[in-house]
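Just so you know, residue 1 is the first one in the sequence shown, and it goes up from there. It should be emphasised that the depicted structure is a prediction, and the values quoted were computed from it without experimental measurement.
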Amino acid sequence: MSAPVLNIAIAGASGRMGRMLIEAVVNAPDCRLSGALDRTDSPALGQDASAWLGQASGVAITADLRQGLAGADVLIDFTRPEGTLAHLAICRELGTKVVIGTTGFTPEQKAEVAAHAREIGVMMAPNMSVGVNVVLKLLDLAARSLSTGYDIEIVEAHHRHKVDAPSGTALAMGEVVAQALGRDLKSCAVYGREGVTGERDPSTIGFATVRGGDIVGDHTVLFAGIGERIEISHKSSSRVTYAQGSLRAARFLAANGPGLYGMDDVLGLK
């Protein structure tokens, strides 16, 4: 007896990440593209969601949330916080589980996501890459071992179209390091330096942001000591890794009940 097929809807269907997710779904033997959502002003509305691949999926891109989510087991959403929250409200009503790769949420918006997760399964992570999530575990170990005598700086680079800074992944790295050191990131983070700043406060965690070209995503955490420095880096050359990680998350949600999960749950890293 064959395994049941997982019906997946994609939000932001005509965007760079949306297209990568659609390609991953249509090529996965255990998944089926059941819906494709986009903004009301998208010129792609009405088009076949996978037409750009030279093949027809039979799924038209729509701005109608209920139509796009009809029959979906899981929605994968890499859009904007406001859009994701609107999608979540409908998903909660319909019982559709949600994989969230959207970044830039405020604390209040994160609390709203958590409230929805009491009713449906939600997997939320600032980065869906398996490699990035392994790096987060390495950072916890490094921060505990290098807790004194090392200055910590986080440098991230992304494409020119990214609208939030620092990236959600860089902030997640900072949170892991701060927690391992027993610090509050809100109190110790430094997000920019200019002019005469004085000597570096050893209790701070610095962030530097680069935006340009088509950089998919580079992150480096630098532990700078006296006489040595340790760098833990992750560099993405393709969004494929995010898409494949998202499918792993969707499969995880399909097998689990309501709750707010992270990629550490999906990968068994806790």
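Applying the ring-ring contact (aromatic ring centres under 6.0 Å, His included) test to residues at least two apart or on different chains, the pairs with a partner in residues 169-196 are Y191-F207. Pairs passing the ring-ring contact (aromatic ring centres under 6.0 Å, His included) check and including a residue from residues 229-252, sequence neighbours excluded, read F252-Y261.
The CG atom of L88 sits 7.5 Å away from atom CG of D77, with the distance rounded to the nearest 0.5 Å. In this structure, the separation between CZ on R92 and CD on E119 is 4.5 Å, given to the nearest 0.5 Å. Between atom CZ of residue R251 and atom CG of residue D30 there is a gap of 4.0 Å, rounded to the nearest 0.5 Å. To the nearest 0.5 Å, the span separating CG on L21 from CD1 on I8 amounts to 9.0 Å. Here the straight-line distance linking atom CE of M173 with atom CD1 of I205 works out to 12.5 Å at 0.5 Å rounding. Note that the CZ atom of F105 and the CG atom of L85 stand 5.5 Å from one another [nearest 0.5 Å].
Shown here is R160, whose CZ atom has no more than 12 heavy atoms of other residues, nucleotides or ligands within 6.0 Å. A 6.0 Å sphere centred on CG of D41 holds more than 12 heavy atoms belonging to other residues, nucleotides or ligands. No more than 12 heavy atoms of other residues, nucleotides or ligands shown are found within 6.0 angstrom of CZ on R229. Counting heavy-atom neighbours within 6.0 Å of R118 CZ, excluding the residue itself, gives a total of 12 or less. Summarising the local packing, CD of E231 is surrounded by more than 12 heavy atoms from other residues, nucleotides or ligands at distances under 6.0 Å.
Counting heavy atoms from C-beta on, the side chains of Y150 and P202 never come closer than 4.5 Å. Side-chain contact between I22 and L33: present, with at least one pair of heavy atoms (C-beta onward) separated by less than 4.5 Å. Put simply, the side chain of Q55 reaches to within 4.5 Å of the side chain of V26, judged on heavy atoms. Here the side chains of V99 and L75 are not in contact, with every heavy-atom distance at 4.5 Å or above. In this structure, the side chains of R248 and L267 come closer than 4.5 Å at one or more pairs of heavy atoms. For the pair V74/L6, a side-chain contact is recorded, criterion being any heavy-atom separation below 4.5 Å from C-beta on. Residues L65 and L37 meet the side-chain proximity criterion, which asks for heavy atoms closer than 4.5 Å. L53 has its side chain within reach of E23: a pair of non-hydrogen atoms, C-beta onward, lies under 4.5 Å apart.
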For this session: List the steps and the verdict of side chain to side chain contact (heavy atoms under 4.5 Å, CB included) for K186 and E175.
Result: CA-CA 9 Å; K186 292 180 181 178; E175 289 284 3; 5.7 Å; no
Exercise. Salt bridge (charged side-chain N to carboxylate O under 4.0 Å, His left out) between D73 and K97: does it pass, once the steps are laid out?
Worked result: CA-CA 6 Å; D73 300 307; K97 300 175 181 182; over 6 Å; no
Problem set entry | Stepwise side-chain hydrogen bond (donor to acceptor under 3.5 Å, both in side chains) test for T62 and D64 | CA-CA 5 Å; T62 179; D64 186 322; 5.4 Å; no
For this session: Given salt bridge (charged side-chain N to carboxylate O under 4.0 Å, His left out), test K137 with D264 step by step and report yes or no.
Result: CA-CA 9 Å; K137 298 300 289 187; D264 50 354; over 6 Å; no
For this session: Given salt bridge (charged side-chain N to carboxylate O under 4.0 Å, His left out), test E153 with R193 step by step and report yes or no.
Result: CA-CA 12 Å; E153 297 285 320; R193 297 185 178 96; 2.8 Å; yes
For this session: In sequence, state the C-alpha distance, the side-chain angles, and the governing distance for H219 and H158, and then conclude on ring-ring contact (aromatic ring centres under 6.0 Å, His included).
Result: CA-CA 9 Å; H219 295 86; H158 281 84; 5.1 Å; yes
Problem set entry | Test side chain to side chain contact (heavy atoms under 4.5 Å, CB included) applied to I152 and L181, step by step | CA-CA 11 Å; I152 304 167; L181 297 174; 3.5 Å; yes
Exercise. Going through the distances and angles, do C91 and I120 end up as a side chain to side chain contact (heavy atoms under 4.5 Å, CB included)?
Worked result: CA-CA 8 Å; C91 285; I120 57 172; 4.2 Å; yes
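T84 contributes a side-chain N or O that, together with a main-chain N or O of R80, makes up a donor-acceptor pair within less than 3.5 Å. For the pair R200 (side chain) and T204 (backbone), a donor-acceptor distance under 3.5 Å is present. Between the D265 side chain and the G262 main chain, a donor and an acceptor come within less than 3.5 Å of each other. Although no hydrogens or angles enter the test, the distance criterion places no donor-acceptor pair under 3.5 Å between the side chain of D48 and the main chain of A60. In this structure, the side chain of S236 does not engage the main chain of S238 through any donor-acceptor pair within 3.5 Å. Distance alone, capped at 3.5 Å, places no donor-acceptor pair between the S129 side chain and the T241 backbone.
Partner of R211 under the side chain to side chain donor-acceptor pair (under 3.5 Å) criterion, out of H159, E156, H161: E156 alone. Evaluated for a side chain to side chain contact (heavy atoms under 4.5 Å, CB included) with I232, the options L139, L222, L136, T220 yield exactly one hit, L139.
A side-chain donor-acceptor contact under 3.5 Å links T169 and N127. There is a side-chain donor-acceptor pair under 3.5 Å between S203 and D201.
Under the 4.5 Å side-chain heavy-atom criterion for ILVMFWY residues, a single connected hydrophobic cluster contains both L269 and M128. Hydrophobic clustering (side-chain heavy atoms under 4.5 Å, transitive across Ile, Leu, Val, Met, Phe, Trp, Tyr) keeps L260 apart from M123. Under the 4.5 Å side-chain heavy-atom criterion for ILVMFWY residues, no single connected hydrophobic cluster contains both L69 and V25. Tracing side-chain contacts under 4.5 Å through hydrophobic residues (I, L, V, M, F, W, Y), one reaches V59 starting from I76; they form part of the same cluster. Hydrophobic clustering (ILVMFWY, side-chain heavy atoms < 4.5 Å, transitive): F78 and I100 are in distinct clusters.
In terms of heavy-atom proximity, A13 sits nearest to A36 at CB-CB, 3.7 Å. Closest non-hydrogen pair, L247 versus A24, comes out as CD1-O, 3.7 Å. The heavy-atom pair separating T209 from A165 by the smallest distance is CG2-CB, 3.8 Å. Scanning both residues, R144 and A180, for their nearest heavy atoms gives CG-CB, 3.8 Å. A9 and G68 get closest at one heavy-atom pair: CB-O, 3.7 Å. When all heavy atoms are compared, the tightest approach of A172 to P126 is CB-CG, 3.5 Å.
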